[in-house]
Peer 1: 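Before we start, here is the structure in question, set down as structure tokens.
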Amino acid sequence: MFKKLISGATLAIFAYSASVAAEKGQDILTTAVQSSSAVAAKSAALDANALKAKLTAKLGLEVEGVASTPVAGIAEVITNQGLFYASYDGAYFFHGKLFSIEKDVTNLTEESMAKVRVSGMDKFAKDMIVYPAKNEKHVVTVFTDITCGYCRKLHEQMDEYNEMGITVRYLAYPRAGITDRNGNLTQGFQDMRSIWCHEDPNTAMTKAKAGSAVAHRICDKPVEAEFDFGRRVGVNGTPAIMLANGMMLPGYREPRDLLQVLESL
């Protein structure tokens, strides 16, 4: 009888201890959830101006735009050096591609860059060298340089592009950059500026791409700004072809191939 009483008391004590432990565990879980919610709430508010100011002060970047992303606490930052991502508080800053895999695989970084490209094409529309198609069906904008072999090949086939209804617009992208290590203007930049400043830039471009010397010209055409725009939107070689929707095709595309891409959109 005595053993039974002890056994019953032991079971009661065990049950009570388990109940207390469960209550404490629930309290800990509740505290953790509340803490997590507080952190999430803190990161949910994006102060674009504050983030822009912090990144400018810390990194010396020219921040052109800040926007939220689908990822909690992470902002998209468009700068003069390209597109980056940062935590809302500016404590973390990184570069790379952001993909959504919630449904289909979507390159969110490329979608954002496409918008920047479209905006830039609108900005420089009046300063492009244009080879129009008579029966225009499509318009492409090409970052080009006169020393690039595939740029020359593309230009040699200009009549074919135009006959297929493709208008080609050029933006300047001197591959040698704007200045050399000593701070002097590169010959590539000076030649591209001379073409853009020529009284007949279309003819000057054609002759230069055929190997003729470029007559020296100086004016205020935004050749450097076009080059900077190219760097900002991901150009790392020429030719680089931008479509009307902001999509960019790196490298040369023969006329028939380019037409197929355009008609597939």
Side-chain angles (χ1 to χ4, degrees), residues 64 78-83 107 109-133 138-158 160-162 166-180 185-198 201-202 204-210 214 217 219-255 257-259 261-262 265:
E64 300 173 359
I78 298 174
T79 78
N80 61 324
Q81 298 297 319
L83 189 152
N107 188 335
T109 302
E110 182 61 23
E111 286 186 352
S112 294
M113 290 306 301
K115 295 176 184 177
V116 176
R117 293 178 191 128
V118 170
S119 176
M121 285 189 284
D122 291 341
K123 176 182 177 181
F124 293 110
K126 295 181 180 179
D127 295 298
M128 297 178 184
I129 298 176
V130 182
Y131 295 83
H138 307 283
V139 178
V140 297
T141 303
V142 183
F143 285 98
T144 193
D145 182 54
I146 61 174
T147 65
C148 156
Y150 277 107
C151 295
R152 291 184 173 186
K153 184 175 181 178
L154 186 153
H155 195 79
E156 288 171 358
Q157 296 175 290
M158 189 61 71
E160 294 180 54
Y161 292 107
N162 291 163
I166 303 173
T167 289
V168 177
R169 310 186 302 181
Y170 280 146
L171 285 172
Y173 193 86
R175 296 188 300 162
I178 306 302
T179 58
D180 59 23
L185 294 176
T186 65
Q187 188 62 49
F189 166 74
Q190 293 185 66
D191 286 344
M192 294 297 278
R193 181 180 62 183
S194 294
I195 292 170
W196 254 256
C197 293
H198 198 278
N202 291 61
M205 178 69 78
T206 298
K207 289 183 177 180
K209 288 195 173 184
V214 178
R217 299 280 194 283
C219 68
D220 61 353
K221 290 291 184 179
V223 173
E224 182 174 356
E226 291 176 13
F227 174 77
D228 290 340
F229 168 53
R231 291 176 58 196
R232 191 162 67 250
V233 297
V235 177
N236 51 29
T238 53
I241 305 171
M242 291 191 295
L243 310 186
N245 64 359
M247 176 182 175
M248 188 163 72
L249 306 175
Y252 162 81
R253 295 295 180 101
E254 64 179 19
D257 181 32
L258 180 58
L259 182 62
V261 172
L262 292 168
L265 298 177

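Please read these numbers as outputs of a predicted model, since none were measured by experiment.
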Peer 1: Taking Glu64 first and then Arg232, would you say they form a salt bridge - that is, a charged N and a carboxylate O separated by under 4.0 Å?
Peer 2: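 Salt bridge present between Glu64 and Arg232.
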Peer 1: We want to know whether Glu226 and Tyr170 form a side-chain donor-acceptor pair, criterion being a heavy-atom distance below 3.5 angstrom.
Peer 2: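 No, Tyr170 and Glu226 have no side-chain donor paired with an acceptor closer than 3.5 Å.
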Peer 1: Val140 pairs by side chain to side chain contact (heavy atoms under 4.5 Å, CB included) with which of Leu249, Val261, Ile166, Thr167?
Peer 2: Ile166
Peer 1: Verify the neighbour count for atom CG of Asn245: are there more than 12 heavy atoms of other residues, nucleotides or ligands below 6.0 Å?
Peer 2: yes
Peer 1: By salt bridge (Lys or Arg N to Asp or Glu O under 4.0 Å), which residues pair with Arg169, not counting sequence neighbours?
Peer 2: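 Applying salt bridge (Lys or Arg N to Asp or Glu O under 4.0 Å) to Arg169 gives none.
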Peer 1: State, without any angle test, whether His155 and Thr206 hold a side-chain donor-acceptor pair at a distance under 3.5 Å.
Peer 2: yes
Peer 1: How close do Cys197 and Lys221 get, heavy atom to heavy atom, and via which atoms?
Peer 2: SG-CG, 4.1 Å
Peer 1: On a heavy-atom basis, which atom in Pro201 and which in Ile195 lie closest, and how many Å separate them?
Peer 2: CB-O, 3.3 Å
Peer 1: Looking at every non-hydrogen atom in both residues, tell me the closest pair between Ala240 and Met248 and how far apart they are.
Peer 2: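 Scanning both residues completely, I find the closest heavy atoms to be CB-SD, 4.2 Å.
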Peer 1: Search all heavy atoms of Phe189 against all heavy atoms of Glu224 and return the closest pair with its distance.
Peer 2: CE1-N, 4.0 Å
Peer 1: Among residues two or more places apart or on two chains, list those pairs meeting ring-ring contact (aromatic ring centres under 6.0 Å, His included) that have a residue in residues 222-246.
Peer 2: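 Passing the test, one end in residues 222-246: Phe124-Phe229, Phe143-Phe229, Tyr173-Phe227.
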Peer 1: Less than 3.5 Å apart, any donor N or O on the side chain of Asn107 or Glu111 sitting next to an acceptor on the other?
Peer 2: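 Glu111 and Asn107 do not have a side-chain donor-acceptor pair below 3.5 Å.
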